[in-house]
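Note that this is a predicted model, so its numbers are computed, not measured. Count residues from 1 along the sequence.
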Amino acid sequence: ATNDTLNGMSRAAPLRRAVRILQPVPVLEAKRGPSFLDTSRNGRAAAKEGINSWGATMVKVFDQRQLAHTPAVELQNGSWVDYAEKASRSEMIAAKLGELSPARDFGQAPLARVHAPDYLDFLAAAHARWTESGRSGDAIGYTWPVVGRRPLSLQRIDALLGRYSYDAGTPIASGTWEAAYWSAQTALTALQPVLEGQDPVSFALCRPPGHHAGADYCGGYCYLNNAA
């Protein structure tokens, strides 16, 4: 999650203050220790030292069910290429983190506070509807409704993929809903010890990522917005 993403989402205020979702550069302010917002050379060094000092006791959450998302290909620059957001990326990071806690299940209610109900229904059933229509492989959109058109009652899975996505680089595979669901639960699980005052900072390894997903669409490798 990026600063711009978090700052644009009012519902993410507690998360913005206290929980560090996996990202290359620390951007969130913790309740003690160095400022993650200080991007100077000294500030970065202090932030790194602070993160390392918390590492031994900090709650770190990763759920193996996030690995179920395994699309084969994506469309990039006019060609089909191997899917880039591979499960192995998360596995390599998880292997370096030490003891990890699995995610708790908070149900769909927190998801429904961020995402439209019809989008959640679509995402949960999209791959099954794709295969029921006689298709094989991953469900990938290839036609998108024109912005500003009158509301349409779309029924075909082809049309629904265009309605609820914005690119052809975010396929829906058989395990996508399971992985995205547990990715969101991972963020929620990491949030709890902070909200309950047990720890000023926690760590959520979320995969697939979520910061590009909107209230009613997926895209940019993201399906459920873990940051929100």
Task: Trace of the side-chain contact (heavy atoms from CB on, under 4.5 Å) decision for Y223 with Y181 - done: CA-CA 9 Å; Y223 303 87; Y181 179 89; over 6 Å; no

Open item on the list: Whether the side chain of Q198 engages the backbone of V194 through a donor-acceptor N/O pair (distance < 3.5 Å, no angle test) should be reported.
Closed with: no

Task: Side chain S79, main chain Q76, donor-acceptor under 3.5 Å - done: no

Task: Residues D199 and S202: side-chain donor-acceptor under 3.5 angstrom - done: no

TODO: Decide side chain to side chain donor-acceptor pair (under 3.5 Å) for H69 and T176; before the verdict, give the C-alpha distance in whole Å, the side-chain angles of both, and the deciding distance to 0.1 Å.
DONE: CA-CA 4 Å; H69 174 63; T176 296; 2.8 Å; yes

TODO: For L100 and F62, work out which heavy atoms get closest and say how close.
DONE: CD1-CB, 3.9 Å

Open item on the list: Walk me through whether L160 and R129 qualify under side-chain contact (heavy atoms from CB on, under 4.5 Å).
Closed with: CA-CA 10 Å; L160 292 171; R129 294 187 64 173; 3.2 Å; yes

Open item on the list: Nearest 0.5 Å, please: how far is CD1 in I140 from CG in L161?
Closed with: 9.0 Å

TODO: Determine the minimum heavy-atom distance between P71 and D138, stating which atoms define it.
DONE: CA-OD2, 3.1 Å

Open item on the list: Does atom CD (E196) have a neighbourhood of more than 12 heavy atoms from anything else shown, all under 6.0 Å?
Closed with: yes

Open item on the list: For the aromatic rings, using the six-membered ring if either is Trp, is the centroid distance between Y164 and Y217 under 6.0 Å?
Closed with: no

TODO: Using a strict 4.0 Å threshold on nitrogen-to-oxygen distance, state whether E91 and K86 make a salt bridge.
DONE: no

Open item on the list: Between S183 and N226, do the side chains contain a donor N or O and an acceptor N or O under 3.5 Å apart?
Closed with: yes

Open item on the list: Can you give me the closest heavy-atom contact between A84 and E74, atom names plus distance?
Closed with: N-OE2, 2.9 Å

- [ ] Could you pull out the closest heavy-atom pair between A179 and Q66, with the gap in Å?
- [x] CB-O, 3.2 Å

- [ ] Go through the steps to decide whether T70 and Y83 satisfy the test side-chain contact (heavy atoms from CB on, under 4.5 Å), and finish with yes or no.
- [x] CA-CA 8 Å; T70 56; Y83 187 66; over 6 Å; no

Open item on the list: Using side-chain contact (heavy atoms from CB on, under 4.5 Å), reason through R207 and D63 one step at a time and then give a plain yes or no.
Closed with: CA-CA 9 Å; R207 190 266 170 186; D63 198 289; over 6 Å; no

TODO: Taking atom types as modelled, find out whether W130 and S136 have a side-chain donor-acceptor pair closer than 3.5 angstrom.
DONE: no

- [ ] Flag yes if more than 12 heavy atoms outside R135 fall under 6.0 Å of its CZ atom; otherwise flag no.
- [x] yes

